[in-house]
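Only one structure is covered here, and it is reproduced in the block below.
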Amino acid sequence: MRLYDSLSQEKKEFVPRDAEHVTMYFCGPTVYNYVHVGNARPFVVSMVAKRYFESLGYRVTLVENITDIDDKIIQRALAEGRSAAEVGAEFAQAYRDDTDRLGLGRPDVEPLATEHIQEIIDLIAKLIKEGHAYQAGPDVYFKVAGFPGYGKLSKQQVAEMRHGARSAVGEDKIDPLDFALWKGTKPGEPCWDSPWGPGRPGWHIECSAMSLKYLGAGFDIHGGGRDLIFPHHENEIAQAESAVGGPFVRFWMHNGMLNLGDEKMSKSLGNTVTLREILDKYRPEALIMVFLGSHYRSPMELTPAVLEEAEQQVNRLRNVFGELADRAATGDASGVAPPGGAVAAPTGGGGPGAQAALSVGDAPGAALLERVGARREAFASAMADDLNTAAALAEIFGLAREVFAALAAGEVDPATAARIRAELGEMVHVLGLDAVAEGGDAIPADIVLMAEERQKCRAARDFSRADALRAAIAARGYEVRDVPDGYKVVPLR
RNA sequence: GGCGACGUGGCCGAGUGGCUAGGCACGGGUCUGCAAAACCCGCUACACCGGUUCAAUUCCGGUCGUCGCCUCCA
């Protein structure tokens, strides 16, 4: 596959460091609050990338940190009269809870900065020992001037950066560009013992320490939001390459920012929306669909309209899986429908039976399977081109259209339906959209009763009562669809 | 000012030197007690101005506009 590397600013053939093992590190959030939707993008991107590599046959180790010690956490703790550890733990858990709702699983390792203080201290000690860092009073700084490649990721000139750089009061840097590796403690702040006195890690060092610990120097992919390029990742390169004396990572992968409406989502503007707020209003698959609908490197708008549209797309995929499941269930591999056919389909499964018996014929099924093969190939090429999920999704929708058409024409035998369902299932799995392929929860018994009652009303031609029942069912969040030989209940949304 | 993106049909959003993106919405039709789902048909674009070319939305230059980063930020 080809993957864009932000450092060289070009797509390069991706070859992992280790033949069969892909190593990835993504920068997770600093947990001083509930994460906003923007934080979900790198999470989704990294999980989808992981799935894609796995689909290629690689073993993947994805490390995604949680930074649970920093100025803002301390500030909040102070303001709320509790410990920074407490604040960090609360929001780290909230972050896990929120991202769990996406249904993408967890990264393989989710290291906490506060649990890697020793590794951080060791790394700093090494940098000092080798002359890349120096102690200044209670603090330790990285010596930017000693790292020739500084600015190579963000494409900035050191001289110009120095122009606008500033030092906070009380800092004793030699060079304004130097950044803190270790911050000496101040009254009321949490601290750890170190060779340089009590203090805490600076912002960037934890990621280098943890990525090197779990993945080793020269690992494959280091990712995160574009806004981390400077200073975070630039500084990581400086400190990590100085420490290892060689390349830090092979590919830098940066996702674009999220905008809310026409305003940029920004903490300073105060217009952030938390991930949990979004997930309370929309299905997780819809949010994933929105992310995948545009390329991961592009900035994107997140508006109610976009999310609503994604809900529709989710419905369409759910429908195609539902129809395929129904068709697959209508008979054995010979294509003969079971006697009697299905009438009620309380779980959304089962369904039409009678008209199915007529469609046999290998030819139409074979033609459709050919289409599936072609779509899968196109899907694979799209993903192989810098994870072009939007194009990959288009193949899924294209296939859905073809499947529906074949289904409508009665050209799909149960065995073919089952096979297509499985293949489509594999595709949506790579994109983290497994939910669209699942049957969903069982329909509540009372809803089924209402639907049954409605059937009776229809049979008795009491349509006003039937419609009232449908409305009542809709009010409960379900939709009744009349199908040729019965009905079907599906969840709205 | 430096660096990096981007301007595609009603909307979102891929992509390409000549040939269908896809989705949503909309209009017409089929099916249906109604509705939904689905199918069929329709709607077909590449900011502007130059240039290169047999041919440019796609390459080059310029103009206008939008956005991100330049030590809070995924």
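Below, read A as the first sequence line, B as the second, and so on, with proteins coming before strands; counting in each chain starts at 1.
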Please state whether the phosphate of B:G68, meaning OP1 or OP2, lies under 4.0 angstrom from any side-chain nitrogen or oxygen of A:Ser298. no
So which nucleotide from B:C11, B:C34, B:A14 ends up closest to the side chain of A:Ser294? B:A14
Under 4.0 Å between any heavy atoms, over every strand shown, what does A:Gln9 touch: base, sugar-phosphate, or nothing? Just pick one. sugar-phosphate
At less than 4.0 Å, is any side-chain N or O atom of A:Asn319 found next to OP1 or OP2 of B:A38? Yes or no. yes
Using purine N1 to pyrimidine N3 plus N6-O4 or O6-N4 for Watson-Crick, or N1-O2 and O6-N3 for G-U wobble, each under 3.5 Å, what pairs with B:G42? B:C26
Checking B:G23, B:A74, B:G4 against the side chain of A:Met257 (C-beta onward), the nearest is B:A74
Given atom CZ of A:Arg226 and atom C1' of B:C72, what is their separation to the nearest angstrom? 18 Å
Closest listed nucleotide, where the reference is the side chain of A:Arg470 and the choices are B:C24, B:G22, B:A35: B:A35
A:Asn388, nearest nucleotide to its side chain (from B:G15, B:C34, B:C72): B:G15
Answer for the Watson-Crick or wobble partner of B:G68, both distances under 3.5 Å, is B:C3
Hey, is the side chain of A:Asp482 pairing donor to acceptor with the base of B:C34 inside 3.5 Å? yes
Please give the distance between the P atoms of B:C72 and B:U66 as a whole number of Å. 26 Å
Using the P atoms only, state how far B:U16 lies from B:G7, rounded to an integer number of Å. 13 Å
For A:Gly38, which contact category applies under a 4.0 Å heavy-atom criterion: base, sugar-phosphate, or nothing? base
With RNA chain B as reference, determine whether A:Gln312 or A:Ala408 sits nearer its 5' end, using the nearest nucleotide of each. A:Gln312
Taking the side chain of A:Asn255 as its heavy atoms from C-beta onward, which of B:A74, B:U71, B:A14 lies nearest to it? B:A74
As a test of reading the structure: which of B:G33, B:C70, B:A74 is closest to the side chain of A:Phe230, going by heavy atoms? B:C70
Listing request: all salt bridge (charged side-chain N to carboxylate O under 4.0 Å, His left out) pairs with a residue in residues 140-156 of chain A, at least two apart in sequence or in separate chains. A:Lys152-A:Glu241
Step by step, work out the side-chain contact (heavy atoms from CB on, under 4.5 Å) result for A:Leu102 and A:Met47. CA-CA 10 Å; A:Leu102 293 169; A:Met47 294 305 279; over 6 Å; no
Using the C1' atom as the point on both nucleotides, what is the distance between B:A14 and B:A45, in whole Å? 13 Å
Check the distance between B:A38's P and A:Arg327's CZ and give it to me in whole angstrom. 18 Å
Would you say a side-chain N or O of A:Arg316 is under 4.0 Å from OP1 or OP2 of B:A38? yes
Considering heavy-atom distances to RNA chain B, does A:Gly225 or A:Glu479 have its closest nucleotide positioned more toward the 5' end? A:Glu479
Between A:Arg297 and A:Tyr4, is NZ or CZ placed under 6.0 angstrom from the six-membered ring centre and within 45° of the ring axis? yes
Closest to the A:Arg461 side chain: B:G33, B:G13, B:C11? B:G33
How long is the line joining CG of A:Asp70 and P of B:C73, in whole Å? 8 Å
Could you tell me how the ring of A:Trp203 sits relative to the ring of A:His232: parallel (under 30°), tilted (30 to 60°) or perpendicular (over 60°)? parallel
Taking atom P in both B:C19 and B:A55, what distance in whole Å separates the two? 15 Å
Please name the nucleotide paired to B:A21 by Watson-Crick or G-U wobble geometry with both distances under 3.5 Å, or report none. none
B:A74, B:C12, B:C34: which one has an atom nearest the side-chain heavy atoms of A:Pro42? B:A74
Atom C1', compared across B:C6 and B:C48: separation rounded to whole Å: 16 Å
Select base, sugar-phosphate, or nothing to describe what A:His295 touches, counting heavy atoms under 4.0 Å on all strands. sugar-phosphate
Base partner of B:U58, which must satisfy Watson-Crick or wobble distances under 3.5 Å: none
Just by distance, do the side chain of A:Arg76 and the backbone of A:Tyr32 share a donor-acceptor pair under 3.5 Å? yes
Complementary nucleotide for B:U53 - Watson-Crick or wobble, under 3.5 Å: none
How long is the line joining CG of A:Asn259 and P of B:A5, in whole Å? 18 Å
Side-chain donor/acceptor of A:Asp178 to backbone N/O of A:Tyr141, under 3.5 Å: no
Checking all strands, does A:Arg454 fall into the base, sugar-phosphate, or nothing category for heavy-atom contacts under 4.0 angstrom? base
I'd like the C1' distance from B:C31 over to B:C46, given in whole Å. 38 Å
With the criterion set at under 5.5 Å between ring centres and under 30 degrees between planes, would B:G33 be stacked on A:Phe463? yes
Could you work out which one of B:G22, B:C69, B:C72 sits closest to the side chain of A:Lys72? B:C72
If we ignore hydrogens and angles and just use 3.5 Å, is the side chain of A:Ser6 paired with the main-chain N or O of A:Gln9 as donor and acceptor? no
To the nearest Å, how far apart are A:Arg481 CZ and B:C39 P? 12 Å
Candidate nucleotides B:A74, B:G33, B:U71, ranked by approach to the side chain of A:Asn39 - the nearest: B:A74
Are A:Tyr52 and A:Leu387 packed together at the side-chain level, in the sense that at least one heavy-atom pair is separated by less than 4.5 angstrom? yes
With rounding to whole Å, what would you report as the distance between B:A47 and B:U57 at their C1' atoms? 11 Å
P-based separation of B:U8 from B:G4 [nearest Å]: 23 Å
What contact category does A:Val480 fall into here, base, sugar-phosphate, or nothing, at under 4.0 angstrom with non-hydrogen atoms? base
